[in-house]
Amino acid sequence: MNGRMKNSDIAETQSSFLPAMKALPISAVKQNTVLQTLVGGAGEPEKECDREDMLRAQEEWEALETLQTGLHSEKSGLLGDFPGQTSLISFNEALQYFQTADMSEYKKKIQPAVRRSGLSLISHLLFGPPRLSKELHAERDLVLAIAQCPLDSSQQVHIRVLQTIYKRLTGARFDCPLYGSHWEQLGFQGLDPSTDLRAAGLLGLMHPLYMAMEPKTLPLAHDIFRLSQHHTQNFPFCIMSINITRICLQALREERVSKECNRRQQVFAVLNDFYVATFYHLYHIWKTQNKTISDSGFVLKEVESFAKRNPKELLRQLDIYLQERPLPKDLSPEIWDQQPIESSNQNRSNGNICFTGVCEQQVQEDRLI
């Protein structure tokens with residue numbers, strides 16, 4: 001029809017064109033004849049303004065392609081299966097790094113056990129939990145040293161641990177920038193995760209790494225992360241996780257888990273399970289009792305008290321939960337269809353605090369630690 005396409009033809013072309021676009025690189029998309037037809041119209045004489053628009057669009061496409069290439073090339077030396085993507089790291093691989101690294105600087109700062117004196121010391125020796133076996137002291141000291149080690153952006157293993165947690169929880173396929181508001185989606189309180197990690201060091205990342213990379217606990221990690229994104233029961237996942245790690249450190253130093261460590265002749269494995277069990281206990285309380293961020297202080301105190309008094313019961317509850325919940329067939333990272341969350345302005349007017357995800361306004365919230 002005089003060089004023009006019918007509306008039905010354009011709609012049909014768009015329906016077949018859009019799915020194919022997802023699989024095309026930017027360089028191929030900008031040269032696609034269907035795209036050019038939709039933008040310019042077939043058979044019409046070009047006008048001066050149209051040529052200017054096309055030149056401007058061409059420059060924008062080239063800028064996007066250059067940006068994409070730059071993002072990929074920035075990651076040289078950290079590439080995984082795809083350009084610009086670091087490979088996932090397992091807990092054991094990260095642990096091997098710390099076992100071979102020079103941790104003497106951080107071991108000087110540790111306090112292996114709580115200092116007691118007088119009646120407190122006598123009561124602890126007579127009625128307290130058993131002492132940790134001497135054969136396990138070196139492993140315990142390494143745990144405490146990792147808790148003193150800060151996040152270092154120049155260390156490849158540190159960044160791989162951080163990126164792995166982000167990908168496994170959010171379902172992202174590619175790396176994200178080391179600084180930015182996207183870390184608030186994961187539950188940090190600022191643009192730089194290292195700021196919040198000062199309370200527990202790299203151990204504050206090793207614990208969620210274990211939960212996210214272990215097949216039996218990954219579904220629980222997804223459940224907790226989903227709840228942290230809830231429109232009314234939301235909470236900062238990583239800040240809460242760091243608080244759980246802090247409880248684990250105190251339980252270790254107070255020898256609350258020494259009996260289980262001696263029985264299994266392990267420290268890291270016991271502390272990992274104790275972390276997951278404590279986080280599950282908090283998750284169960286938070287979900288079943290409809291807790292909100294305003295209850296966080298009280299809930300953390302309750303969880304800490306129960307965990308220190310009943311470590312064996314805490315681990316038993318976790319075992320029951322894991323046995324009753326079957327493992328999903330596909331354990332690969334998933335992108336969830338989350339419920340839409342109210343805007344920050346609306347939540348602020350209602351007195352609620354909501355972590356809405358990437359590129360939202362900075363969260364206004366008191367620190368939990």
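Quick note: residue numbers are just sequence positions, from 1.
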*Asks:* List for me each residue that meets side chain to side chain contact (heavy atoms under 4.5 Å, CB included) alongside Ser153, sequence neighbours excluded, and say none if there are none.
*Replies:*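 Scan of Ser153 (side chain to side chain contact (heavy atoms under 4.5 Å, CB included), adjacent residues dropped) gives Ile159, Leu178, Tyr179.
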*Asks:* Looking at every non-hydrogen atom in both residues, tell me the closest pair between Thr86 and Lys167 and how far apart they are.
*Replies:*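 Closest approach of Thr86 to Lys167, heavy atoms only: O-NZ, 2.7 Å.
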*Asks:* Using the side chain to side chain contact (heavy atoms under 4.5 Å, CB included) criterion, which residues pair with Ala277? Sequence neighbours excluded.
*Replies:*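 With neighbours one apart ignored, the set is Leu314, Leu315, Leu318.
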*Asks:* Which heavy-atom pair separates Ile165 from Pro208 by the least distance, and what is that distance?
*Replies:*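 It is CD1-CG, 3.9 Å.
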*Asks:* List in chain and number order the residues that pass side-chain hydrogen bond (donor to acceptor under 3.5 Å, both in side chains) with Glu214, two or more places apart in sequence or in another chain; answer none if no residue qualifies.
*Replies:*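 Listed in chain order: nothing, the list is empty.
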*Asks:* Under a 3.5 Å distance rule, please check whether Asp295 uses its side chain to pair with a backbone N or O of Thr292 as donor and acceptor.
*Replies:*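 Here the side-chain-to-backbone pair exists.
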*Asks:* With salt bridge (charged side-chain N to carboxylate O under 4.0 Å, His left out) as the rule and sequence neighbours excluded, what pairs involving residues 276-289 come up?
*Replies:*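 Counting only pairs at least two positions apart or across chains, no salt bridge (charged side-chain N to carboxylate O under 4.0 Å, His left out) contact touches residues 276-289.
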*Asks:* Determine the minimum heavy-atom distance between Arg256 and Pro311, stating which atoms define it.
*Replies:*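 Looking at all heavy atoms of both residues, the closest pair is O-CG, 3.5 Å.
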*Asks:* Using a distance-only test with no angle check, is there a side-chain donor-acceptor pair under 3.5 angstrom linking Thr217 and Tyr280?
*Replies:*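 Judged by distance alone, the side chains do not pair up.
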*Asks:* According to side-chain hydrogen bond (donor to acceptor under 3.5 Å, both in side chains), who are the partners of Ser90, at least two apart in sequence or on a separate chain?
*Replies:*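 Not a single residue meets the side-chain hydrogen bond (donor to acceptor under 3.5 Å, both in side chains) criterion with Ser90.
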*Asks:* Distance check, rounded to the nearest 0.5 Å: Leu203 atom CG versus Ile146 atom CD1?
*Replies:*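 Separation between the atoms: 6.5 Å.
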*Asks:* Can Phe235 and His230 be said to form a side chain to side chain contact (heavy atoms under 4.5 Å, CB included), step by step?
*Replies:* CA-CA 8 Å; Phe235 59 86; His230 193 270; over 6 Å; no
*Asks:* How long is the straight-line distance from OH of Tyr283 back to OG1 of Thr288, given to the nearest 0.5 Å?
*Replies:*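 One gets 9.5 Å once the value is rounded to the nearest 0.5 Å.
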*Asks:* Give a yes-or-no answer on whether the side chains of Gln250 and Lys308 include a donor-acceptor pair shorter than 3.5 Å.
*Replies:*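 Indeed, the side chains of Gln250 and Lys308 share at least one donor-acceptor pair under 3.5 Å.
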*Asks:* Of all heavy-atom pairs between Gln229 and Gln185, which one has the smallest distance, and what is that distance?
*Replies:*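 Minimum heavy-atom contact is NE2-O, 3.0 Å.
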*Asks:* Filter on salt bridge (charged side-chain N to carboxylate O under 4.0 Å, His left out), then keep only pairs touching residues 260-280, sequence neighbours left out; what's left?
*Replies:*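 Residue pairs with at least one partner in residues 260-280: Glu260-Arg263, Glu260-Arg264, Arg264-Asp273.
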*Asks:* With sequence neighbours left out, write down each residue that passes ring-ring contact (aromatic ring centres under 6.0 Å, His included) with Tyr210, or none if nothing qualifies.
*Replies:*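 Only Phe91 meet the ring-ring contact (aromatic ring centres under 6.0 Å, His included) criterion with Tyr210.
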*Asks:* Could you pull out all residues at least two apart from Phe268 that satisfy ring-ring contact (aromatic ring centres under 6.0 Å, His included)?
*Replies:*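 For Phe268, no residue satisfies ring-ring contact (aromatic ring centres under 6.0 Å, His included) once neighbours in sequence are set aside.
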*Asks:* With rounding to the nearest 0.5 angstrom, report the CG to CZ distance, Leu132 to Arg253.
*Replies:*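 If we round to the nearest 0.5 Å, Leu132:CG and Arg253:CZ are 13.5 Å apart.
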*Asks:* Run through Asp192, Leu162, Leu191, Thr195 and flag the one making a side-chain contact (heavy atoms from CB on, under 4.5 Å) with Trp183.
*Replies:*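 Exactly one candidate clears the test, Leu162.
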*Asks:* Give the minimum heavy-atom separation between Ile247 and Leu300, together with the two atoms involved.
*Replies:*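 Smallest heavy-atom distance, with atoms named: CD1-O, 4.2 Å.
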*Asks:* Tell me every residue that passes side-chain hydrogen bond (donor to acceptor under 3.5 Å, both in side chains) with Glu135, counting only those two or more places apart in sequence or in another chain.
*Replies:*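 Checked Glu135 against side-chain hydrogen bond (donor to acceptor under 3.5 Å, both in side chains); matches are Ser133.
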*Asks:* So if I apply the ring pair (Phe, Tyr, Trp, His ring centres under 6.0 Å) rule between Phe237 and each of Tyr166, Phe188, Phe279, which one comes out positive?
*Replies:*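 Going through the options one by one, the only one that passes is Phe279.
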*Asks:* Can you list the residues that meet the side-chain hydrogen bond (donor to acceptor under 3.5 Å, both in side chains) rule with Asp102, with sequence neighbours excluded?
*Replies:*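 With neighbours one apart ignored, the set is Ser104.
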*Asks:* Gln155: which residues meet the side chain to side chain contact (heavy atoms under 4.5 Å, CB included) condition with it, sequence neighbours left out?
*Replies:*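 Once residues adjacent in sequence are excluded, the partners of Gln155 under the side chain to side chain contact (heavy atoms under 4.5 Å, CB included) criterion are Tyr97, Asp152, His158.
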*Asks:* Please identify each residue that fulfils salt bridge (charged side-chain N to carboxylate O under 4.0 Å, His left out) with Glu93, with sequence neighbours left out.
*Replies:*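 Salt bridge (charged side-chain N to carboxylate O under 4.0 Å, His left out) list for Glu93, sorted by chain: Arg160.
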*Asks:* Minimum heavy-atom separation for Gln148 and Tyr106, please, with both atom names.
*Replies:*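 Closest approach of Gln148 to Tyr106, heavy atoms only: O-CD2, 3.7 Å.
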*Asks:* Is there a donor-acceptor contact under 3.5 Å linking the side chains of Ser305 and Arg309?
*Replies:*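 Their side chains do contain a donor-acceptor pair, which is all the 3.5 Å distance test asks for.
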